[in-house]
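None of these values were measured; they are calculated from a predicted model. Along the sequence shown, residues are numbered consecutively beginning with 1.
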Amino acid sequence: MSFPLLTATALVPAVGAVATAAVPAARRTAAKWLALAFSLATLVLAGAVLARFDPGGDRYQLTESHAWISSFGVRYELGVDGIGAVMVALTALLVPFVMLAGWHDADPLEEPEPNRRWRPTQGFFALVLLVEAMVVISFEATDVFLFYVFFEAMLIPMYFLIGGFGDRAGERGEDEAAKQRSYAAVKFLLYNLAGGLVMLAAVVGLYAVTAGQLGEGTFSLARIAEARAAGDLAFDPTVEKLLFLGFFLAFAVKAPLWPLHTWLPNAMGESTAPVAVLITAVVDKVGTFAMLRFCLQLFPGASEWATPVILVLAVVSILYGALLAVGQRDIKRLIAYASVSHFGFIVLGIFAMTSQGQTGATLYMVNHGISTAALMLVAGFLISRRGSRLIADFGGVQKVAPVLAGTFLIGGLATLSLPGLAPFVSEFLVLVGTFSRYPVLGIVATFGIVLAALYVLVLYQRTMTGPVRDGVRGMPDLRARELAVVAPLIALLLFLGVFPRPVTDIVDPAVRQTLSDVHKTDPKPDLTEAAK
């Protein structure tokens with residue numbers, strides 16, 4: 001038996017979570033280093049997944065398949081295509097930076113009684129590792145039921161990270177801050193649980209259809225694809241549409257897509273910056289990834305049927321998120337609404353049903369994860385120094401902390417997709433792919449780029465330039481640990497901005513296969529019109 005590399009990639013952080021939680025309370029520093037070591041080991045394994053993945057080989061590689069709940073056709077099946085392999089690598093890459101950035105976020109607060117609140121360090125780092133394990137296996141699962149289990153299970157550690165380790169009180173007072181954290185955590189949980197319950201009904205429906213036509217129910221993507229190719233399985237159009245809607249609703253909440261996005265600004269605003277990165281750069285990517293893997297592959301007819309409405313919702317997300325970002329007074333909420341806009345671009349690229357659009361959407365998932373991590377983590381360093389998230393409380397930072405201001409600017413420029421930085425390539429591909437099939441929507445979506453330039457540059461102007469405000473005087477610049485977090489992310493933004501081929505070469509075959517699933521080819525240019 002070959003080494004179960006995919007299982008190991010998910011198992012190592014899970015074991016790390018247990019080991020970190022077991023460290024005695026008095027040894028907080030040891031727990032941090034132990035958790036970081038497990039996250040780095042996971043990164044090495046994710047690198048091995050990329051190294052062993054052959055873009056020209058089978059669709060799903062490094063596969064594992066074992067009986068799990070045989071009486072219900074549930075199997076423990078793992079496998080990665082190019083998209084899954086890249087997303088596993090992104091998750092493993094970002095978690096060590098999340099840990100380093102949040103190195104002191106869960107330390108005990110040095111406050112006089114009765115306001116002192118103990119923040120168990122071991123619990124924080126264990127929960128981060130647990131989220132990583134569940135996200136990784138979600139990207140690897142090729143059994144629908146297995147995917148569903150971890151798709152829902154990851155909500156529990158995220159709930160505790162938002163509610164139990166959220167943003168510190170600042171000027172609001174501990175009671176008010178705790179109330180807001182609790183509200184954000186419950187809202188996050190309820191929205192995602194509601195979507196998950198609808199998906200559960202669709203998962204049961206999928207089992208019923210396969211059981212009725214194949215004689216035994218199955219959740220295996222490979223088994224379903226094989227039965228379809230042989231003509232043994234065919235969905236009734238109405239049933240297919242209902243099942244598609246059940247899956248898509250859950251993924252649209254997780255993504256998040258307008259109008260199911262409202263939990264995200266609360267969750268990111270009340271979380272610490274590292275947890276906010278975990279939400280939008282890691283966990284939310286499961287939603288858009290699942291649209292590619294499950295919605296399009298399982299329900300191609302329904303996907304084509306729903307495409308016009310989904311594309312309109314995606315464009316609304318792009319413009320709505322950007323417009324609300326322009327009007328924000330809170331730095332974290334501004335970045336959250338910017339992410340709503342960016343997820344609109346990702347969904348637009350997926351359902352444009354072109355190779356450029358879907359390659360751009362996958363690349364956007366990677367680039368958005370890196371750029372949002374860079375911007376949000378630097379913003380977290382800035383907020384922790386000032387003790388406030390309000391834009392109006394800053395000014396003149398570049399005069400007292402030029403390195404911090406410079407890295408903040410690069411993160412912001414990546415967010416607005418400046419040419420030469422990684423998100424530009426992905427956004428360009430999404431718009432080209434959309435325009436080739438839906439020119440009007442492609443044109444309207446470009447206004448999101450203009451609005452992005454507005455909210456990013458205004459944010460930088462108000463926080464970093466102008467006279468130095470009283471609360472900013474004496475603000476220290478980035479420390480060595482903080483530079484170790486930010487510098488590699490900026491280097492990646494620059495590298496992928498000028499040379500995205502290492503990612504596109506891996507994902508392109510998977511994109512072509514996905515388009516084949518929905519029986520789509522790229523539209524050919526009208527040479528007659530071009531000649532005129």
Side-chain angles (χ1 to χ4, degrees), residues 91 94-95 98 102 105-106 119 123-124 126-135 138 148-168 172 176-200 248-290 317 320-321 324-325 328 330-344 347 368-369 372-373 376 380 389:
T91 302
L94 291 180
V95 168
V98 165
D105 284 355
R119 301 159 66 91
F124 175 83
L127 289 171
V128 171
L129 285 170
L130 192 58
V131 170
E132 179 181 22
M134 292 178 176
V135 170
S138 296
Y148 174 77
V149 169
F150 290 99
F151 179 82
E152 288 292 272
M154 71 179 71
L155 301 179
I156 304 304
M158 284 307 309
Y159 169 81
F160 287 109
L161 284 170
I162 297 169
F165 299 92
D167 197 29
R168 294 187 173 182
R172 296 178 297 174
E176 179 62 24
K179 186 184 299 183
Q180 292 300 320
R181 287 194 302 272
S182 177
Y183 172 78
V186 170
K187 189 173 183 179
F188 161 82
L189 189 62
L190 290 179
Y191 265 69
N192 284 274
L193 277 179
L197 288 174
V198 176
M199 181 182 169
L200 178 59
F248 180 79
L249 180 66
F251 304 152
V253 172
K254 182 84 78 178
L257 184 69
W258 183 91
L260 305 172
H261 68 285
T262 59
W263 62 268
L264 182 65
N266 294 100
M268 289 184 66
E270 297 305 322
S271 299
T272 61
V275 173
V277 169
L278 202 62
I279 294 170
T280 191
V282 176
V283 172
D284 287 354
K285 297 300 188 299
V286 177
T288 48
F289 165 82
S317 288
Y320 175 86
L324 264 66
Q328 290 303 306
D330 182 309
I331 296 175
K332 287 184 179 180
R333 291 180 70 90
L334 185 152
I335 299 173
Y337 280 111
S339 290
V340 172
S341 182
H342 296 151
F343 275 104
V347 176
H368 173 262
T372 298
M376 178 59 85
R389 298 169 2 202

Chemist: Please report the closest heavy-atom contact between F188 and Y159, naming both atoms and the distance.
Modeler: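 Heavy atoms only, the tightest pair is CE2-N, 4.1 Å.
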Chemist: If you compare all heavy atoms of Q328 against all heavy atoms of Y337, which two are closest, and at what distance to 0.1 Å?
Modeler: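 Minimum heavy-atom separation between Q328 and Y337: NE2-CE1, 3.5 Å.
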Chemist: Would you indicate whether the side-chain heavy atoms of L130 and I156 approach each other to under 4.5 Å?
Modeler: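 With C-beta onward as the side chain, the pair stays apart.
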Chemist: Mind running side-chain contact (heavy atoms from CB on, under 4.5 Å) on R181 and I162 for me, showing each step along the way?
Modeler: CA-CA 7 Å; R181 287 194 302 272; I162 297 169; 5.8 Å; no
Chemist: Begin from the C-alpha positions of F343 and K285 and carry the test side-chain contact (heavy atoms from CB on, under 4.5 Å) through to its verdict.
Modeler: CA-CA 9 Å; F343 275 104; K285 297 300 188 299; 3.9 Å; yes
Chemist: Examine Y320 together with H261 and report whether their ring centres are nearer than 6.0 Å.
Modeler: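 Yes, close enough.
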Chemist: Holding to side-chain contact (heavy atoms from CB on, under 4.5 Å), I want the full list of residues that pass it with D330, two or more places apart in sequence or in another chain.
Modeler: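 Per chain and number, D330 pairs via side-chain contact (heavy atoms from CB on, under 4.5 Å) with K332, R333, R389.
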Chemist: If you define the side chain from C-beta out and look only at heavy atoms, does anything of L193 sit under 4.5 Å from E152?
Modeler: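 Yes, at least one pair of side-chain atoms sits under 4.5 Å.
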Chemist: What closest approach, in Å, do V286 and M154 show between heavy atoms, and which atom pair accounts for it?
Modeler: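 For V286 and M154, the tightest heavy-atom pair comes out as CG2-CE, 4.1 Å.
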Chemist: Please round to the nearest 0.5 Å and tell me the distance separating atom CZ of F151 and atom NZ of K254.
Modeler: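 Atom-to-atom, F151:CZ and K254:NZ are 4.5 Å apart.
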Chemist: Counting distance only, does the side-chain N/O of W263 pair as donor-acceptor with the main-chain N or O of V253 below 3.5 Å?
Modeler: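 Yes: the side chain of W263 pairs with the backbone of V253.
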Chemist: Taking all non-hydrogen atoms of both residues, which atom of H368 and which atom of T280 are closest, and how far apart?
Modeler: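 Shortest heavy-atom contact: CE1-OG1, 3.6 Å.
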Chemist: Is any side-chain heavy atom of V340 closer than 4.5 Å to one of L324?
Modeler: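 The answer is no, as the side chains (C-beta and beyond) never meet within the 4.5 Å cut-off.
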Chemist: Rounded to the nearest 0.5 Å, what separation is found between the CD1 atom of I279 and the CE atom of M376?
Modeler: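 I279 CD1 to M376 CE: 8.5 Å, rounded to 0.5 Å.
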Chemist: Nearest heavy-atom pair of G287 and F251: which atoms, and what distance?
Modeler: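 Where G287 meets F251 most closely, the heavy atoms are O-CB, 3.5 Å.
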Chemist: Kindly give the heavy-atom pair with the smallest separation between S317 and G344, and that separation in Å.
Modeler: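 So the two residues come closest at CB-CA, 3.9 Å.
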Chemist: Heavy atoms, side chains only, cut-off 4.5 Å: are V135 and F289 in contact?
Modeler: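 A side-chain contact under 4.5 Å is absent here.
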Chemist: Taking atom CG of N266 and atom OH of Y183, what is their separation to the nearest 0.5 Å?
Modeler: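 The OH atom of Y183 is 5.0 Å from CG of N266, to the nearest 0.5 Å.
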Chemist: Would Y191 and L264 count as a side-chain contact (heavy atoms from CB on, under 4.5 Å) if you check the C-alpha gap in whole Å, the side-chain angles of each, and the deciding distance to 0.1 Å?
Modeler: CA-CA 10 Å; Y191 265 69; L264 182 65; over 6 Å; no
Chemist: Less than 4.5 Å apart, any side-chain heavy atom of S271 and any of L161?
Modeler: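 Counting from C-beta outward, S271 and L161 never come under 4.5 Å.
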Chemist: State the CG-CG distance between L155 and L190, to the nearest 0.5 angstrom.
Modeler: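 Interatomic distance, L155 CG to L190 CG, rounded to 0.5 Å: 10.5 Å.
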Chemist: Just to verify, which of V131, L278, V282 counts as forming a side-chain contact (heavy atoms from CB on, under 4.5 Å) with T91?
Modeler: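 Only one option passes, and that is V282.
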Chemist: Say you draw a straight line from CE of M268 to OG1 of T372; how long is it, rounded to the nearest 0.5 Å?
Modeler: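 Those atoms lie 7.0 Å apart.
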Chemist: Atom CE in M158, atom CE in M134: separation rounded to 0.5 Å?
Modeler: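 That separation rounds to 12.0 Å.
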